Amino acid sequence: MSEVLPPCPECSSVYTYEMGALLVCPECGHEWSPSAAATDAGGDKAIRDAVGNVLADGDTVTVVKTLKVKGSPTGIKAGTKVRNIRLIDGVDGHDIDCKIDGFGAMQLKSSVVKKA
């Protein structure tokens, strides 16, 4: 076994093994193809805002359009600043986790914000 396999992209475990055409992590159960690991290393999976800027954890963003919020008579108005965002792999395209003054913790889509 002279071939060195890449670590798991989900949990960074070094105990990955090959199963057919896929690589498998025994610790978290994540399966991926070796070619997908090569494109992820290239940085193609960066989260971008509405105008194409790359976002990172801790950035400050501005909401670019008014958003309706369930259970609230007023929504989040365009121009609202959101500080200290966290990037997540969320559900249904929601990839930003943040706290908004007056609304609390919520998730936003990167397509409705712009880097401030």
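Here the structure is a predicted model, which means the values were calculated and not measured.
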Q.
Quick check on Lys99: does its NZ atom have over 12 non-hydrogen neighbours (other residues, nucleotides or ligands) under 6.0 Å away?
A. no
Q: Report whether Tyr15 and Leu5 are members of the same hydrophobic cluster (ILVMFWY, side-chain heavy atoms less than 4.5 Å apart, transitive linking).
A: no
Q: Verify the cluster assignment for Phe103 and Ile85: are they in a single hydrophobic cluster under the rule of side-chain heavy atoms below 4.5 Å apart?
A: yes
**Q.** NZ (Lys115) with more than 12 external heavy atoms under 6.0 Å
**A.** yes
(Q) Within this structure, what is the OG1-CZ distance for the pair Thr62 and Arg83, rounded to the nearest 0.5 Å? (A) 9.0 Å
Q. What closest approach, in Å, do Ala50 and Val64 show between heavy atoms, and which atom pair accounts for it?
A. CB-CG2, 4.4 Å
Q) Checking Thr16 side chain against Cys8 main chain: does a donor-acceptor pair fall under 3.5 Å? A) no
Q. Only one of Ile76, Leu67, Asp49 forms a side-chain contact (heavy atoms from CB on, under 4.5 Å) with Val112, so which one is it?
A. Leu67
**Q.** Residue pair Cys11 / His30, side-chain heavy-atom distance below 4.5 Å
**A.** no
Q: Search all heavy atoms of Pro7 against all heavy atoms of Trp32 and return the closest pair with its distance.
A: O-CZ2, 3.9 Å
Q: Identify the heavy atoms of Arg48 and Val54 that sit nearest to each other, and give their distance.
A: NH1-CG2, 3.2 Å
**Q.** For the student: nearest non-hydrogen atoms of Glu31 and Leu22, plus distance
**A.** OE1-CD1, 3.7 Å
Q | Over all atoms of both residues, closest heavy-atom pair of Thr66 and Ala78 | A | OG1-N, 3.5 Å
Q) Where is the tightest heavy-atom contact between Val82 and Cys98, given as atom of each residue plus distance? A) CG1-CB, 3.5 Å
Q: Could you tell me the separation between the CE atom of Met106 and the CD1 atom of Ile100, rounded to the nearest 0.5 Å?
A: 5.0 Å
**Q.** Spacing of Ile96 atom CD1 and Gln107 atom CD [to the nearest 0.5 Å]
**A.** 10.0 Å
**Q.** Check: Asp95 side chain, Leu87 main-chain N or O, donor-acceptor pair, under 3.5 Å
**A.** no
(Q) When you group the ILVMFWY residues by side-chain heavy-atom contacts below 4.5 Å and let the links chain together, are Leu55 and Ile88 in the same group? (A) no
